[in-house]
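What follows is one structure encoded as structure tokens, with my remarks underneath.
Proteins get letters first, then strands, A, B, ... in listed order; numbering begins at 1 in each.
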Amino acid sequence: MSNNTEDVAGTEKRSLHFIESIIEEDIRNGKNDARVHTRFPPEPNGYLHIGHAKSICLNFGLAEKYNGKCNLRFDDTNPEKEETEYVDSIMEDVKWLGFQWDKEPYYASDYFDRLYDWAVKLIRDGKAYVDDQPQEVISQQRGTPTRPGIESPFRNRTAEENLDLFERMKAGEFENGSRVLRAKIGMTSPNMHMRDPVLYRILNAEHHRTGNKWKIYPMYDYAHGQSDYLEGITHSLCTLEFEVHRPLYDWCLDQLIETSYRPRQIEFARLNLSYTVMSKRKLLELVKGNYVNGWDDPRMPTIAGLRRRGYTAAAIRTFADRIGVAKRDNVIDVGLLEFTVREDLNKITPRVMAVIDPILMVITNYPENQTEEIELVNNPEDAESGTRMLLFSKELFIERDDFMIDPPKKYFRLGPGREVRLKGAYVVKCESYDQDADGNVTTIYCTYDAETKSGTGSNQAKVKGTLHWVEANSAIDAEVRLYDRLFVDEDPAGHADKDPIEFLNPDSLKVVTNCKVEPLLANTKSGDKFQFQRIGYFCVDNDSTFSMPVFNRIVSLKDNWAKEIQK
RNA sequence: UGCCCGAUAGUGUAAUUGGCAACACGUCUGUCUCUGGAUCAGAAGAGUUUAGGUUCGACCCCUAAUCGGGCAACCA
């Protein structure tokens, strides 16, 4: 390592984060034969969220960077919470993000036999014992962080007795929860996790892979390090809350292996995002309580939700890269995520005309029954994207927001007597308008100047605004789903006395059904993304049909006018 | 009252490992524009939680304090 910085994406310089520093030092020292082998170890008890994406990008990214490998391993040691549906969704999400795990996916449950044999070794070595006490008693005896615990009366059974009991636990002779296998470490450690921790518990539940074969299941602390070891993992990355578990991770390995190869646990700070919740438990609550429409609801911070919303995998990877990796607690502004998608979408999406809240515009001096074709650039950011033709006629739809009867001075759009350009077409001037009984504007009457057609080079006096529009007769109907942040509070889970549900944003979804979009949008498929000119980025939803296309708003365009009216 | 982590502009992350704090987002100006988008140019904004110490020199090392987070599931 000659320099502490490196090229990222060819241009940006980025310095090494602390995990990379550790890895590079390990490589220099030839530790574990200078291999880099990471793993992403989700428990299949829920869908992955953007926080997991950070971890995925970290683990797979490190493997890529150092020519190593990264495993996908399902940490399925608790059959009561785990399901195959989650396994499938997790694999799909990891692949979608653009990563490929080494070989086949691994499962902690594949190691149950090895883990069992190791447990037997611990018992033989006098380092584990079977405790017959109920959970509450064990819990009481553990003491408190400030007071040491006391030893279990079953702590000093003979190895033979322990072995016999443990085998019978495995055989299913005992009741659920009636006995556990505990490590024999001591009851006085200031670290609660080191006070004779439970290694195995009896669980009469059907496991999603091993079915009813097992009656006992290993605990995370016992299973994780050994699973890492069996897979040849070198750097086992996890979040900060596992810091206090590390001594136990190391203790187990110390007792069980004698090779020089050793996996090392390193902790980093999990991602927190403003205006959302980021725990599987809380997300599950949103799903089960029908506050959202499933795990892939576009408002969810799940990878499936973001995907359906229209976020690109590239944007999420860039985001993960931008937020960095460190050990201090952090809350990332959702604005950064939004910026990152806009940045990506700006480069890749075709621009189209779509009017979300249409109002009829009649061009009074445009010949009756005449139409013409207007050529429009598909994407000014992409020279390869070409152009397309769009119909223009006497009757158009424009956005209701783009007209005001009595506009303020800084309003660059249409009002009585004002002039604007219709994007790609002509400059029009508002001559009059109709209102209904309630005062709503129903039709806007304009005149156009035939000399001002776009691309003719006739440099007309500049107009302040340019509006998007669709031709009234050829436009097709569409449904648009306007998504906004799910919570109105910056940190919905940060109130000890209040449930995040209380901060749900009542306007997080607005369904608009009478939108008018250009005819091209009849032929789209789920997942297609567009920029609705002047409005935002949109993505074709799964619910879309030929007769009624449905678009999700991914994110709006940066809107300075909206900011202006805030003032 | 215990133990373990952490603390740098509004938010994140840096600082060539001790040489007078940088980048991104955000904010504000302005430019350009047939998207009030994008682009481009520029500005404001921290003197690194505090107090000591070591040193020619400290964001960086030491000590203490303060603040924040984590730890007492047969969850992961």
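- Atom CD of A:Glu175 is surrounded by 12 or fewer heavy atoms from other residues, nucleotides or ligands within 6.0 Å.
- Under 3.5 Å, the side chain of A:Arg413 and the base of B:rG36 form at least one donor-acceptor pair of N or O atoms.
- Taking side-chain N and O atoms only, A:Arg281 has no distance below 4.0 Å to OP1 or OP2 of B:rC75.
- The phosphate of B:rA38 (OP1 or OP2) has a side-chain N or O of A:Lys558 nearer than 4.0 angstrom.
- Minimum atom distance to the side chain of A:Glu43 is reached by B:rC75, of the listed B:rG6, B:rU17, B:rC75.
- Comparing A:Pro218 and A:Phe532 along RNA chain B, the residue whose closest nucleotide (by nearest heavy atom) sits nearer the 5' end is A:Phe532.
- In this structure, the nucleotide among B:rC74, B:rU35, B:rG12 sitting nearest to the side chain of A:Val331 is B:rG12.
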- Item | From CA spacing to verdict: ring pair (Phe, Tyr, Trp, His ring centres under 6.0 Å), A:Phe268, A:Phe18 | CA-CA 9 Å; A:Phe268 64 94; A:Phe18 79 102; 7.9 Å; no

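- Stacking is not found between A:Tyr220 and the pyrimidine-like six-membered ring of the B:rA76 base under the 5.5 Å centre-distance and 30° plane-angle cut-offs.
- Looking at A:Glu381, its side chain has no donor and acceptor atom pair within 3.5 Å of the base of B:rU39.
- Between A:Thr77 and B:rC75 there is no side-chain N or O to OP1 or OP2 distance below 4.0 Å.
- For the atom pair CZ of A:Phe166 and OH of A:Tyr129, the computed distance is 14.0 Å after rounding to the nearest 0.5 Å.
- Ring centroids of A:Tyr249 and A:Phe242 are separated by 6.0 Å or more, keeping the two rings apart.
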- Test side-chain contact (heavy atoms from CB on, under 4.5 Å) applied to A:Leu345 and A:Ile554, step by step: CA-CA 10 Å; A:Leu345 262 15; A:Ile554 306 167; 4.0 Å; yes

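- The two residues A:Val470 and A:Glu518 come nearest to each other via the heavy atoms CG1-N, 3.8 Å.
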- Query: Based on Watson-Crick and G-U pairs with both distances under 3.5 Å, what dot-bracket line describes RNA chain B 5' to 3', crossing pairs as [ ] and inter-strand pairs as |?
  - Reply: .((((((..((((.....[..)))).((((.........)))).....(((((..]....))))))))))).....

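- In this pair, A:Phe532 and A:Phe538 present their aromatic rings parallel. The plane angle is below 30°, not in the 30 to 60° band.
- Annotation: A:Phe392 is in aromatic contact with A:Tyr426 [ring centroid separation under 6.0 Å].
- In this structure, A:Glu20 pairs ionically with A:Lys65, as a charged nitrogen and a carboxylate oxygen lie closer than 4.0 Å.
- In the set B:rG37, B:rC25, B:rG12, the nucleotide with an atom closest to the side chain of A:Phe339 is B:rC25.
- Which of B:rC28, B:rA76, B:rC74 sits closest to the side chain of A:Lys563 comes down to B:rC28.
- Donor-acceptor pairing under 3.5 Å, judged by distance alone, is absent between the side chain of A:Arg147 and the base of B:rU1.
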- Any chance you could list the contact pattern along nucleotides 66-73 of chain B? Use B for base contacts, S for sugar-phosphate-only contacts and - for none, protein heavy atoms under 4.0 Å, 5' to 3'. ---SBSBS

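- Closest contact between the side chain of A:Asn560 and the listed nucleotides B:rG36, B:rA14, B:rA24 involves B:rG36.
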